[in-house]
Amino acid sequence: MTEQKTDLERVFEHIEENRESFIARVMDYVRHPSISAQNNGIKEVAAILVDMLTGMGMEAITIPTRNHPMVLGRMEKQPGKPTVLLYGHYDVQPPEPYELWDSPPFEPTIRNGRIYARGIGDNKGQHFAQLMALESHLKVTGELPCNVIFLLEGEEEIGSPHIAEFVAEHAEKLDADLVVTSDGPLHESDTPIITFGVRGVASFELRCKTANRDAHSGNFGGVMPNAIWKLVHLLATMKNERGEITIDGLHDVVVPPTNMEREAVSKLPLDLDAIKADLGIKELDAPLDRGYFDRLMFYPTLTINGLHGGYGGPGQKTVLPCEAFAKCDIRLVESLTPDYVFEKVRAHVEAHAPDVEFLPQNAMLPSKTPMDNPFASVIRDAIVAARGVEPLLYPTVGGSLPDYVFTKILKKPAFVVPYANADEANHAPNENLKIDLFIDGIKTGAALLSKLGEMKM
Ligand SMILES: [Zn+2]
């Protein structure tokens with residue numbers, strides 16, 4: 001007597017049976033360049049995706065932006081079931097320098113259980129896994145267990161300049177219950193993870209000019225103000241030796257971590273000695289008593305990216321510089337906004353060095369989805385079904401991605417569920433994806449659809 005198999009078990013079997021064909025097909029897909037920065041192959045790959053989605057029975061179109069188009073696919077045939085918006089990006093980083101690749105970036109090659117090609121990890125291999133998850137359900141059962149909207153961007157690698165206006169303009173086409181992005185790496189142990197947020201960023205420049213020309217440090221030292229000293233003194237008023245940012249009001253709106261976030265962070269694996277050895281540092285930055293993940297997830301940072309002025313060439317030059325420049329960024333946690341931060345920095349500069357020019361530059365809002373959102377446990381169940389292990393839960397990651405377009409413009413919960421290995425070498429030569437993780441990604445995507453299909457909305 002044989003037990004009746006569930007749809008998901010049959011889908012998993014289908015994925016295993018088609019392993020070789022999925023590998024061949026993803027290799028075919030990444031063979032096509034789609035380099036947004038160089039406008040190379042973008043239209044062609046967008047068309048390939050529309051064909052692929054249409055071929056699976058989905059409605060699919062490209063939608064123009066002011067630059068590279070979005071690809072939008074949908075299949076919404078399950079009234080009363082949740083709708084998931086799957087986001088990915090079909091553009092890739094430029095492959096240069098070619099000479100550092102062991103095999104050509106657009107001739108995908110398998111070595112040691114990994115596929116090597118530009119875009120295989122970031123992000124074509126990952127959203128291809130999502131596509132194969134959809135296809136597997138359609139082939140095995142003839143339908144998707146829940147409603148799906150597929151959004152693939154063509155400008156992620158050039159900073160997503162148009163996604164915010166696209167999402168605002170087409171909000172009704174993107175009306176899902178949750179957003180899931182499969183991009184970025186797993187934990188270095190290949191343990192799956194769910195990420196609930198990202199930090200934002202606000203970059204700015206400070207320009208200081210104290211005289212109409214550089215001067216002789218003997219003839220004018222002590223007479224003419226030194227632009228570098230002036231800028232250094234200003235910077236020193238912005239962060240103290242204890243590592244505290246001393247810009248008035250900056251911390252006033254920071255939302256402290258919830259108990260659930262604290263608990264999740266306490267469970268994250270951490271090898272501080274390995275991190276120190278890797279960076280070649282003896283101790284962490286001040287303040288010393290702050291937890292490692294707290295630093296990356298729950299506090300803003302003020303980083304001086306560059307400080308320029310005066311003479312730095314060989315030998316001596318007894319010059320008194322009239323100009324100095326600093327570039328800085330502040331990483332933003334909830335609920336800091338670039339507007340708020342720029343206003344506070346501007347006020348600080350006006351109070352301490354009114355003749356230093358403050359120039360706001362690129363900025364991005366932070367994003368966070370509450371960890372107790374009901375979809376979190378559904379995603380967790382899907383990962384466990386596909387991978388057989390508990391995922392690590394990251395309340396936030398330190399870097400910045402435009403997730404705010406989903407959480408703050410669409411006002412939907414957004415989760416990142418990556419499929420790639422931690423050493424995927426994205427943005428670098430020899431980008432790669434472990435084949436087993438690619439297959440696991442297809443299974444995870446398939447399980448996610450099944451688990452969402454078990455929910456009633
Ligand atoms: Zn990237």
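In each ligand, atom 1 is the first atom listed, and ligand 1 is the first ligand listed. Because the structure is a prediction, the values reported are computed rather than measured. FYI, side chains are in, hydrogens and waters are out, and symmetry mates aren't considered; it's all heavy atoms of this structure.
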**OP:** Assess the pair Phe166 and His162: is the distance between their ring centroids shorter than 6.0 Å?
**Re:** no

**OP:** Would you check if the distance from the ring center of Phe22 to the ring center of Phe438 is below 6.0 Å?
**Re:** no

Subject >> Ring centroid separation Phe415 to Phe196 under 6.0 Å >> reply: yes

Original post:
Phe106 ring centre to Arg118 NZ or CZ under 6.0 Å, with the angle to the axis within 45°?
Top reply: no

**OP:** Kindly say whether the aromatic ring centers of His127 and Tyr29 come within a distance under 6.0 Å.
**Re:** yes

**OP:** Can you list, by chain and residue number, the protein N, O or S atoms under 2.8 Å from the Zn ion (ligand 1)?
**Re:** Asp122 OD2, Glu157 OE1, Glu157 OE2, His427 NE2

Original post:
Taking only residues two or more places apart in sequence, or in another chain, which ones meet Tyr87 in a ring pair (Phe, Tyr, Trp, His ring centres under 6.0 Å)?
Top reply: Phe406

